[in-house]
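First up is the structure itself, then whatever we jot down about it.
Keep in mind it's a predicted model, so treat the numbers as computed, not measured.
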Amino acid sequence: MTDPARVYDDLPRRRNKNAVQHARAIIAAMGMLSESLRVQRPDRGAVPAAWGRSDIAAFTDRMGYFTATGQISPARRLAFTRFVRRVLLRFRALDLTSPGQMLEGMPTDFAISPEDMPDEPEDTEAGRDLPEEVMRELCARFDELEAMSSIEVRVATELLIDTGRRPDEINTLALNCLEQDSDGSDVLVYDNHKAYRLARRPPIGAETAATIRRQQQRVRERFPTADQTRLRLLPRPKTNPEGTNPSWISPPITGPGWTPSPISSCRSSSGPGSSPTPSGTPMPGSRWTC
């Protein structure tokens, strides 16, 4: 079902290290749709113009059977159904159903509709959010964290907690990542490379903005003659004469009373109004959805 065409169209939009795995998952999902057409249609699915609503129903029923028999998980069933829905829509957007194209005559009802989507699987695992009491303990020990590592690690940890962004999005922030909206409120400018959404502008609180401004001043003092537009907010401390190489923040994970791996856990901080800021108060807008 034109899997290479779909992957070729999708890959340029992928900027994360899992792009290949994502493409393979799309191919696997479309392979299951192709297999459903082959085994359940008399023409073995060779005529796109003959496909229809009944074939979609057969496919979704087959996915349900595979889930019930344990051949695929509920999460994979949901993900694969989403992939198929998106790919079929993209085929039409690419005009592949027009005369002379690979899917000429594919009916409009050969599509995954909202009622075809399986329910979200129940979360049977413990949430990845740090418990509230752990977050309070972490926020109360920022001075110890800085002493054990560096000011960059402290700033990165504060930003991870306050904004809910991914570690690589925080580590690669530009020096001039703090701007103001038309109403004067502070916003964080960052690139979501995973979804290829550049220059995102989520609002941030006053304390978070103050943390960024203090770090900006430290960087400007460290690189007084450097091009400000190329500097990073968290530059690598060594072998970085121009301040253009970002740090990869990896704090120590040992020490009296210290919670292991705070950085990796902080990227799954709680949603709006629930994650405490370094001051211990809830942070409106934390874990901003892009």
Side-chain angles (χ1 to χ4, degrees), residues 1-125 166 169 191-200 288-290:
M1 289 200 56
T2 66
D3 293 336
R6 166 62 191 172
V7 172
Y8 181 80
D9 175 66
D10 185 76
L11 274 177
R13 295 173 173 79
R14 302 290 160 185
R15 292 295 184 274
N16 65 318
K17 61 184 179 182
N18 294 322
V20 174
Q21 288 82 351
H22 183 86
R24 287 173 177 167
I26 292 175
I27 292 174
M30 296 306 295
M32 296 190 75
L33 176 60
S34 297
E35 183 182 17
S36 177
L37 291 170
R38 284 196 303 271
V39 302
Q40 300 189 79
R41 285 192 55 84
D43 62 0
R44 297 181 57 82
V47 184
W51 300 342
R53 178 64 194 167
S54 61
D55 297 308
I56 292 294
F59 167 70
T60 55
D61 289 346
R62 196 163 187 260
M63 295 291 285
Y65 170 77
F66 286 154
T67 303
T69 57
Q71 298 181 56
I72 61 174
S73 67
R76 173 157 293 195
R77 176 191 179 189
L78 177 61
F80 276 24
T81 306
R82 284 174 173 167
F83 286 150
V84 170
R85 182 184 186 187
R86 194 167 69 215
V87 169
L88 293 179
L89 289 172
R90 191 62 181 166
F91 282 163
R92 292 187 171 88
L94 293 172
D95 203 28
L96 296 179
T97 62
S98 297
Q101 298 298 319
M102 289 182 288
L103 299 174
E104 178 179 354
M106 188 176 78
T108 56
D109 63 351
F110 187 75
I112 303 290
S113 57
E115 57 267 25
D116 297 321
M117 297 298 300
D119 295 333
E120 292 275 356
E122 294 184 5
D123 187 4
T124 58
E125 299 181 358
R166 301 179 182 92
E169 294 167 353
D191 292 335
N192 182 344
H193 292 287
K194 183 174 182 179
Y196 196 42
R197 294 181 173 182
L198 307 182
R200 309 303 295 169
W288 186 259
T289 302
C290 297

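- Closest non-hydrogen pair, Glu169 versus Asp191, comes out as CG-O, 3.7 Å.
- Put simply, the side chain of Ser98 never gets that close to the backbone of Gln101: no donor and acceptor are under 3.5 Å apart.
- Between Trp51 and Phe110, the ring-plane angle classifies as tilted under the 30° and 60° cut-offs.
- Side-chain atoms of Ser36 never come within 3.5 Å of backbone atoms of Met32 as a donor-acceptor pair (strictly under, hydrogens ignored).
- Considering CE of Met30 and CG of Leu33, their distance stands at 5.0 Å, rounded to 0.5 Å.
- Between Met63 and Thr81 the shortest heavy-atom distance is CE-OG1, 4.5 Å.
- To the nearest 0.5 Å, the span separating CZ on Arg166 from CG on Asn192 amounts to 5.0 Å.
- The local environment of CZ in Arg53 is crowded, with over 12 non-hydrogen atoms from other residues, nucleotides or ligands closer than 6.0 Å.
- The two atoms that bring Pro107 and Pro48 nearest to each other are CD-O, 3.3 Å, heavy atoms only.
- To the nearest 0.5 angstrom, Thr60 atom OG1 is 10.0 Å from Glu115 atom CD.
- One distance of note links CG of Leu78 with CZ of Phe83; it measures 10.0 Å at 0.5 Å rounding.
- Annotation: Arg76, atom CZ; neighbour count of heavy atoms from other residues, nucleotides and ligands within 6.0 Å does not exceed 12.
- Test Arg62, Arg38, Arg41 against Asp55 for salt bridge (charged side-chain N to carboxylate O under 4.0 Å, His left out) and you get one pass: Arg41.
- Asp43 and Ala50 make their closest contact through OD2-CB, 4.0 Å (heavy atoms, listed as atom of the first residue, atom of the second, distance).
- Between Ile56 and Leu88, the closest heavy-atom pair is CD1-CD1, 4.3 Å.
- Contact annotation: the side chain of Arg44 never approaches that of Leu37 to less than 4.5 Å [non-hydrogen atoms, C-beta and beyond].
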Notebook entry, point to check: Are Phe59 and Val84 close enough, and set up right, to give a side chain to side chain contact (heavy atoms under 4.5 Å, CB included), and what steps lead you there?
Noted result: CA-CA 10 Å; Phe59 167 70; Val84 170; 3.9 Å; yes
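- Distance check: Thr97 OG1 to Leu103 CG gives 7.5 Å after rounding to the nearest 0.5 Å.
- Applying the 6.0 Å contact sphere to CG of Asp119 captures no more than 12 heavy atoms from other residues, nucleotides or ligands.
- Of all non-hydrogen atoms in Phe80 and Ala28, the two that sit nearest each other are CZ-CB, 3.8 Å.
- One distance of note links CE of Met117 with CZ of Arg77; it measures 9.5 Å at 0.5 Å rounding.
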